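Each chain gets a letter, A, B and so on, in the order its sequence line appears, and its residues count up from 1. Computed from a predicted structure; not experimentally measured.
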Amino acid sequence: MTVNRPRGTRDFLPANTSRRRYVESIMRDVARNWGYSEVITPTFEHLDLFTLKSGEGVVGELYNFMDKGGRAMTLRPELTAPVMRMYVNELQALPKPLKLFYFENCFRYERPQKGRFREFWQFGVELIGTKKPDSDAEVIALANAMLKAAGIKGDLKIGNLAVIRTILQELDSETVSKIMRLVDKKEYEGLESLLEEIDASEALKSNLFRLIKLEGKGILPKVKEIVGNIPEIESFEKTLELLDAYGVEYSLDFGIARGLDYYTGMVFEVYGEGLGAQKQVCGGGSYQLIQLFGGGDVPSTGFGIGFDRIMEICELVPEEPKKLVLVSKPVTHLEAVKLANKLREYVPVHIDLMERNFKTQLTFANNIGADYVVIVGEKELEVGKLTLKDMKSGEQELLTVEEVIGKVSRQ
RNA sequence: GCCGGGGUAGGGUAGCGGUCAUCCUGUAGCCCUGUGGAGGCUACGAUCCGAGUUCGAUUCUCGGUCCCGGCCCCA
């Protein structure tokens, strides 16, 4: 009987793993260069953390369990809530703005499909303590920079929930949620019948439909016509101005509603090219969560990047280091081991571990795509040198250890 | 939770009620005890699981499971 991977999980083979690590390191570098610090939170948390944020309904999509002390726990389904919890628990006194990022695996009990797994990796950023136009702009620009660094082509759409909330202000919050959901999905027929059902005013209906049908970059004046010059628009305008300065390309979409209610103002999403039904690679916005977890009235802005979806369309390939195989004979093997120790300070070195004969060691070098073979044989040791063979050209020369090091570590 | 398409050695495949289940590739070893990529030989290795139909099931039926895509959901 063989044991298989749990459903919705993946094994990452060497080539894939090295690609993932490579892209990961590129994205980490970008975040660090923007002044963000990495944090790690626990793989599992109290179930409450997530039901508090997303409602009891999420339990169905969680890998939750009772621990041996009878506590309700769950593997984390996302990282914004844990990071906010961490902030409330121990980071409240740090100077603002507080700039954090994370890159961890998350777990959701869902039906797997293209770009959706039960264990998946999320890269994300949280900027805590401000909601000025500059902070919104920086977060969007950082998301854009990270995706760009990973070579991802996608559509960036930016919206602002204050606008739609202004239009819907006369309605109760439950109805607002329903409407936002339909707006987000662009289900206009369903929206129309819902508005009919709740007997919404003509003004509301026409304002709403005018708003969500606006597209493109220069629509802000029209938005002002619809909702008036509310302060949020002024601030939003500054954010966009800053984004232009950052050189970020985007379009506006006031139909972005982003699921839950804690998003307050700016929201944005990025859709990757070349993905299936699950093509959103990045989503974020400004939100209010800290109070919910027992902290102060502190605003934040953040985003999450679906790393697995990035890898699906990312074409970056890391440059592999030169590989070297040491070929030895039984009588020279100990010398070869000593040499391996030395060479491993410079390049990845393979040495025979299977007591194979000379020829088979060479075949092995060929099979693993070695760039160099260093022969440690009697003839070489007699004259205190080594044979370096270039596996591409087949050429070989007799060199001292220092000369070998010089040659193989040159690139 | 729902819908569709799938599941034959590690990877890729053929067979589709009836001899020992096909071929390619891979891995290990040998031919070949100091020179790789070719060739030959040998070994390893599979019908997803369970029930049913049948004299007989890899093949047909049902259920499960897993994979792929989609729906729902998407924090």
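The C1' atoms of G50(B) and G10(B) are separated by 26 Å, rounded to the nearest whole Å. Atom name C1', nucleotides A57(B) and C16(B): the rounded distance is 10 Å, in whole Å. A distance of about 13 Å separates the C1' atoms of A46(B) and G12(B), rounded to the whole Å. The P atoms of A21(B) and G39(B) are separated by 28 Å, rounded to the nearest whole Å. Rounded to a whole angstrom, the distance from the C1' atom of U58(B) to that of A14(B) is 12 Å. One P atom belongs to A9(B), the other to C49(B), and the distance between them is 10 Å to the nearest Å. Between the P atoms of C62(B) and U19(B), the separation comes to 26 Å (whole Å). Taking atom C1' in both U13(B) and G7(B), one finds a spacing of 13 Å when rounded to whole Å.
One can place NZ of Lys114(A) at 10 Å from P of C68(B), the figure rounded to the nearest angstrom. Atoms CD (Glu187(A)) and P (C71(B)) sit 12 Å apart, rounded to a whole Å. The distance between atom CZ of Phe50(A) and atom P of C74(B), rounded to the nearest whole Å, is 17 Å.
Between Thr74(A) and Phe44(A) there is no side-chain heavy-atom pair separated by less than 4.5 Å. The shortest side-chain heavy-atom distance between Thr166(A) and Glu232(A) does not fall under the 4.5 Å cut-off.
Screening Ser135(A), Ser286(A), Ser300(A) against Thr130(A) for a side chain to side chain donor-acceptor pair (under 3.5 Å) leaves a single residue, Ser135(A).
Gln361(A) comes within 4.0 angstrom of nothing in the nucleic acid, heavy atoms only. Among the atoms of the strands shown, base atoms are found under 4.0 Å from some heavy atom of Glu110(A). Counting non-hydrogen atoms under 4.0 angstrom, Gly8(A) reaches the backbone sugars and phosphates but no base.
Judged by the 6.0 Å and 45° rule, Lys217(A) forms a cation-pi pair with Tyr250(A).
Remark: Tyr63(A) pairs with Tyr109(A) by the ring pair (Phe, Tyr, Trp, His ring centres under 6.0 Å) rule, at least two apart or across chains.
Heavy-atom neighbours of Arg21(A) CZ from other residues, nucleotides or ligands within 6.0 Å: at or below the threshold of 12. More than 12 heavy atoms of other residues, nucleotides or ligands lie within 6.0 Å of CD in Gln169(A), so this atom counts as buried by the packing criterion.
The base of C74(B) lies close enough to the side chain of Arg116(A) for a donor and an acceptor atom to sit less than 3.5 Å apart.
Taking the six-membered ring where the residue is Trp, Tyr188(A) and Phe209(A) present perpendicular rings, their angle passing 60° and hence far from 30°.
For Phe103(A) and Phe307(A), the gap between ring centers is short of 6.0 Å. In this structure, Trp121(A) has its ring center under 6.0 Å from that of Phe12(A).
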Nucleotide by nucleotide, 5' to 3', does protein get under 4.0 Å of the base (B), only the sugar-phosphate (S), or neither (-) in nucleotides 28-42 of chain B, counting heavy atoms? SS--B-BBBB-----
N/O contacts under 3.5 Å, protein versus nucleotides 3-5 of chain B?
| from | atom 1 | to | atom 2 | distance (Å) |
| --- | --- | --- | --- | --- |
| C3(B) | N4 | Arg111(A) | NH2 | 3.2 |

